[in-house]
Chemist: 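I'd like to ask you about the structure that follows.
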Amino acid sequence: MESLYQISGLAFSYSGRKVLDLDELHIARNRVTAVVGPNGSGKSTLFDILAFLRRPDAGRILFRGSPAPGTGSAGLRRQVGYIQQKPYLMKMPVRDNIGLGLKFRGAARADIDSAVNAVAGELGLGPLLERDAGKLSGGEIQKVALARALVLQPEVVLMDEPFTYLDEGSLHDIEEWIAGQRTSREKTIIFSTHDRLRAQSLSDTSFNLINGRAYPFSSGNLFSGALDVNDNTFTSGNARFTVPESVKSGHKLFIDPKHLVVSTERLSSSMRNNFSGTITSMSTVNGEVHLTIKAEVTFHAVITRRAMDELNLQLGNPVWVSCKSSQISVI
């Protein structure tokens, strides 16, 4: 599968705080990719970089196989349609908002009208074309912003949390449009969301973005719950985790599946987090063994083939899952 973006060693910081730290990330061309993560995970910053609006502090980005120079390249930016979480429309009719980019590019009025009518028909915006943009609902604004991007025929469409402010009808329309792109394979679509189910149902591939780092979507350990700063614990369902003393806020807990230690007996070690459970699924991916373990919560662990053989792990085996508090992130 051909990559549109190839990212390596990318880092970006705000005021000395690192918000993106990506070792390797490939985004496939003409596919739908979902970026899943909570608020503050770095999704919007990543999208700004993918749209060539920000330059990373370090790292390399290949776009269509060629090095991307970062900001300042109008040619690259023209390849990207970027619909931000709260798009802004000009105080003019919907028709003029959609065609504004083409007007700036010097297109003839007749060509602008033809292109606007076509994209408005695709998104069901025909009845709104003469309406004042200031009188639109949140869902209608999102659809007009999408049309404004599409009329310029970009190669890639970035949609930052596109489902947040939508009414039910607009939500259905946007989901149907993304599903149609997944079928047609005409464009690369990248959207962000905190909804794992929507990501899974609408995308070809997904990944988690947690504290600026990318993790495989299918095997992340992301739990919602409550933090108690008095005793440095985080409770999710029936599970109680010991977290680093430095954690002072957050309502989501994340553990990299490779940081979980799987054993057949409870370990006698400094690890403060220990849970007993049962292996409910096993699979091998790129030489690594992926385990799903049902305990107080459901864990996803990644171990080596050698470890699986040494422990003689089988489906249905009782096991212990352990991790250090220092390996836990709370967002």
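Only heavy atoms go into these numbers, but all of them, side chains included; no hydrogens, no water, no symmetry mates.
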Chemist: If I compare all heavy atoms of N97 with all of M90, which pair ends up nearest, and what's the gap?
Modeler: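 Minimum heavy-atom contact is OD1-N, 2.7 Å.
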Chemist: Atom CG of D111 and atom NZ of K103: how far apart are they, to the nearest 0.5 Å?
Modeler: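 So the gap between those two atoms works out to 15.0 Å.
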Chemist: So do R240 and D231 actually touch side chain to side chain, heavy atoms under 4.5 Å?
Modeler: yes
Chemist: Do the non-hydrogen side-chain atoms of F299 and V262 ever get within less than 4.5 Å of each other?
Modeler: no
Chemist: Considering non-hydrogen atoms only, spot the tightest contact between S192 and K43 and give its length.
Modeler: CB-CD, 3.7 Å
Chemist: Quickly, which of H172, R182, M159, K143 forms a side chain to side chain contact (heavy atoms under 4.5 Å, CB included) with W177? Name it, please.
Modeler: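 It is M159, the one option of H172, R182, M159, K143 that forms the side chain to side chain contact (heavy atoms under 4.5 Å, CB included) with W177.
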Chemist: Which heavy atom of L22 sits nearest to which heavy atom of I7, and what is that distance?
Modeler: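 It is CB-CG2, 4.4 Å.
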Chemist: Is there side-chain contact between L222 and L253, with at least one heavy-atom pair below 4.5 Å?
Modeler: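 The answer is no, as the side chains (C-beta and beyond) never meet within the 4.5 Å cut-off.
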Chemist: Have a look at F275 and tell me which of F223, F241, W320 forms a ring pair (Phe, Tyr, Trp, His ring centres under 6.0 Å) with it.
Modeler: F241
Chemist: Should V243 and L227 count as side-chain neighbours, where that means a heavy-atom distance under 4.5 Å?
Modeler: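 Yes, close enough: below the 4.5 Å cut-off.
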Chemist: With ring centroids as reference points, do F191 and F163 lie under 6.0 angstrom apart?
Modeler: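 Ring centroids of F191 and F163 are less than 6.0 Å from each other.
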Chemist: Salt bridge (Lys or Arg N to Asp or Glu O under 4.0 Å) with E155: which of K187, R77, R64?
Modeler: R64
Chemist: Please examine the side chains of L20 and L209, heavy atoms only from C-beta on, and report whether any two atoms are closer than 4.5 Å.
Modeler: yes
Chemist: Is there side-chain contact between I112 and R109, with at least one heavy-atom pair below 4.5 Å?
Modeler: yes
Chemist: Side-chain contact, heavy-atom cut-off 4.5 Å: I190 with F47?
Modeler: yes
Chemist: Do L267 and M271 come within less than 4.5 Å of each other through their side chains, counting heavy atoms only?
Modeler: yes
